[in-house]
Amino acid sequence: MSRLVVISNRVAVPKARGAAGAQGGLAGALNSALQSNQGIWFGWSGEECESYTGEIETVESEGVTTATVALSKQDIDEYYNGYANSTLWPLFHYRIDLTEYEQDFAKGYERVNERFAEAAEPLIEDNDLIWVHDYHLIPLGERLRARGMKNRIGFFLHIPWPPARLFVSLPFHERLVTTMLAYDVIGFQTDEWLDSFLHYCTKELGAEVDEASGTITYEGRTTIARAYPIGIDWDHLQEQGNTGEARQAGQRLLSSTRHRIAMLGVDRLDYSKGLPERIDGIARFFDKHPERVRDIVYIQIAPPSREDVESYQRIRETLEQKTGQINGARSEVDIVPIRYVNRGHSLAELFGFYRAAKIGLVTPLRDGMNLVAKEYLGAQDPDDPGVLILSRFAGAAQQLTEAILVNPHSPDDLSHAINKALDMPREERKRRYDAMIGTVREDNVHRWTSNFLADLQGGEFGSP
Ligand code: F6P
């Protein structure tokens, strides 16, 4: 197989794999593909520099070379905090109310994509496969083509693709999509996001779309677009689950909750995750079933995220207020109904918590996939599994249909689901778990990378 060059906004050195996977993000998913293909992983170092130099720092570890550049304050503000996380992220998660359409953000986004293309060019050889990730770098493929690159270049979008009627609110939306058609293969998490993209290409661009083969032909160039649902690193999760760290974490949680059922949520602190709505659902459950306050304790692990973006600062305040209100109203001297933990944990610790928690609450308002849902199932005891309550608006709901599927906007629906989960007999828990665990184990991250890379290597589509 050809050498693999992965390009993404964030880059994790292989040693950080456990921590990255713990947050259900992109980082943990890519290491194995890179390790078996003498990979290079290029992106932003996460560091700020006085002014941009394009100087690349490389580190080699476990067969993977990471190559990173630092960005200036202006680049970070306009590209990362700006266009990526204040324009595209909210819009792609259907939050047009939070979307900021600033010209400077768009310019910063184009500038940084051009900088990435310029910096990555010397690292890339003729036969390398190039795999670009996520909404930060949509135009990068086109920027590389402008430098004469004829390599096979693929793009995977980790977040949803919004319906055309929302997407057209983005100034210069056609430009963003036409740059995307410079890729040979475009991957989405689910058929729903793929369909929205194909619909846009047909209706707004007038491209020729063949839905059966997933090909889009536009201005003489053909691109393939398909759904490749991402999975977890099953083996790595099980390895972590077998550590003393995982066992201790589980025991710590169980001994602190004593006879009460632990219900767990693990999310980046992001408004797309539906955290205040979830707390409203729990409040409704306590209102309807005050006698059950002693049966249950809710543990919300929510490491802070994108703290320089105002909408993220607001969500944190809202969540703190709501949690405080419920605890104020419902606590007893020996009971605090909600524990809110504002920091991240290792994957081993999370495994211990997942397994100890008899209910997993994963209720985003919109999510590309959501790997926490899959990790929660992957950590369960097959003979006595917990219950997954899952938002129907998470990409994962298309595969995990035997979870209790809920509308995260409805406190009554959430309250009903919690009650049902608490009373669910072991036989039904097992039946639901057995129906879902196959896809969690088999449709794992290795299958995801090999499916995507097989199409990218294919060669029959998209000659530049
Ligand atoms: O899931 C989308 C994503 O941007 C991932 O690419 C990333 O790992 C995660 O969210 C965390 O976001 P950030 O890199 O902005 O901290």
Side-chain angles (χ1 to χ4, degrees), residues 6-13 16-31 41-48 66 68 71 75-95 98 105 109 112 116 131-138 140 155-162 187-190 193 228-233 266-275 301-313 315-316 342-344 347 362 364-375 391 393-396 445 448-449 452:
V6 167
I7 309 184
S8 60
N9 176 56
R10 284 204 194 265
V11 177
V13 289
R17 186 173 174 214
Q23 290 172 23
L26 165 67
L30 291 170
N31 274 297
W41 191 347
F42 173 79
W44 176 34
S45 61
E47 300 293 323
E48 181 184 315
T66 54
T68 54
L71 293 175
D75 285 343
I76 296 169
D77 282 347
E78 293 176 354
Y79 148 80
Y80 175 73
N81 293 322
Y83 202 73
N85 288 319
S86 301
T87 308
L88 296 182
W89 178 274
L91 177 61
F92 281 36
H93 287 86
Y94 297 41
R95 293 300 301 270
L98 297 177
F105 292 174
Y109 183 72
V112 172
F116 269 38
W131 190 4
V132 177
H133 287 262
D134 233 354
Y135 59 102
H136 315 86
L137 302 176
I138 292 174
L140 184 65
F155 175 78
F156 187 83
L157 184 70
H158 289 256
I159 67 175
W161 184 273
F188 296 90
Q189 297 275 21
T190 68
W193 322 136
Y228 305 85
I230 199 169
I232 58 170
D233 190 339
V266 179
D267 310 80
R268 265 188 320 102
L269 221 176
D270 190 301
Y271 48 80
S272 66
K273 304 294 181 188
L275 300 177
I301 295 177
S305 176
R306 306 173 190 165
E307 291 173 280
D308 292 332
V309 179
E310 204 192 311
S311 47
Y312 286 77
Q313 293 160 5
I315 194 78
R316 184 172 179 163
N342 202 219
R343 68 173 182 90
L347 187 59
V362 182
L365 305 180
R366 198 66 57 178
D367 212 333
M369 172 55 66
N370 198 298
L371 291 178
V372 168
K374 295 185 176 183
E375 283 174 359
S391 163
F393 303 126
V445 71
W448 173 74
T449 48
F452 187 91

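Quick caveat, the model's predicted, so the values are computed rather than measured. When a ligand or atom number is given, it counts from 1 through the structure's own listing order. Values reported hereafter were calculated over all heavy atoms of this structure, with side chains retained and with hydrogens, waters and symmetry mates removed.
Atoms of ligand 1 found under 4.0 Å from any heavy atom of His136, numbered from 1 in the order shown, are 4 (O). Remark: ligand 1 atoms within the under-4.0 Å shell around heavy atoms of Arg10 are 13 (P), 14 (O), 16 (O).
Closest heavy-atom approach to atom 1 (O) of ligand 1 within the set Asp134, Asn85, Asp367, Asn9: this belongs to Asp134. In this comparison of Tyr80, Trp44, Trp89, Tyr135, the heavy atom closest to atom 15 (O) of ligand 1 sits on Tyr80.
Ring to ring, Tyr271 and Tyr312 are close: their centroids are under 6.0 angstrom apart. Proximity of the aromatic rings of Tyr83 and Tyr109 is defined here by a centroid distance below 6.0 angstrom, and this criterion is met. Under the 6.0 Å cut-off for aromatic ring centres, Trp448 and Phe156 qualify, their centroids lying closer than that. Phe42 has its ring centre less than 6.0 Å from the ring centre of Phe116.
Contacts with ligand 1 closer than 4.0 Å are made by no heavy atom of His133, backbone or side chain.
The structure places NE2 of His158 at 9.5 Å from CG of Leu371, a figure rounded to the nearest 0.5 Å.
Judged by distance alone, with hydrogens and angles left aside, the side-chain atoms of Ser391 form a donor-acceptor pair with the main-chain N or O of Pro364 at under 3.5 Å.
At a 4.0 Å cut-off, at least one heavy atom of Arg268 sits close enough to ligand 1 to count as contact.
Checked against a 3.5 angstrom limit, the closest N/O atoms of Arg306 and ligand 1 fall inside it.
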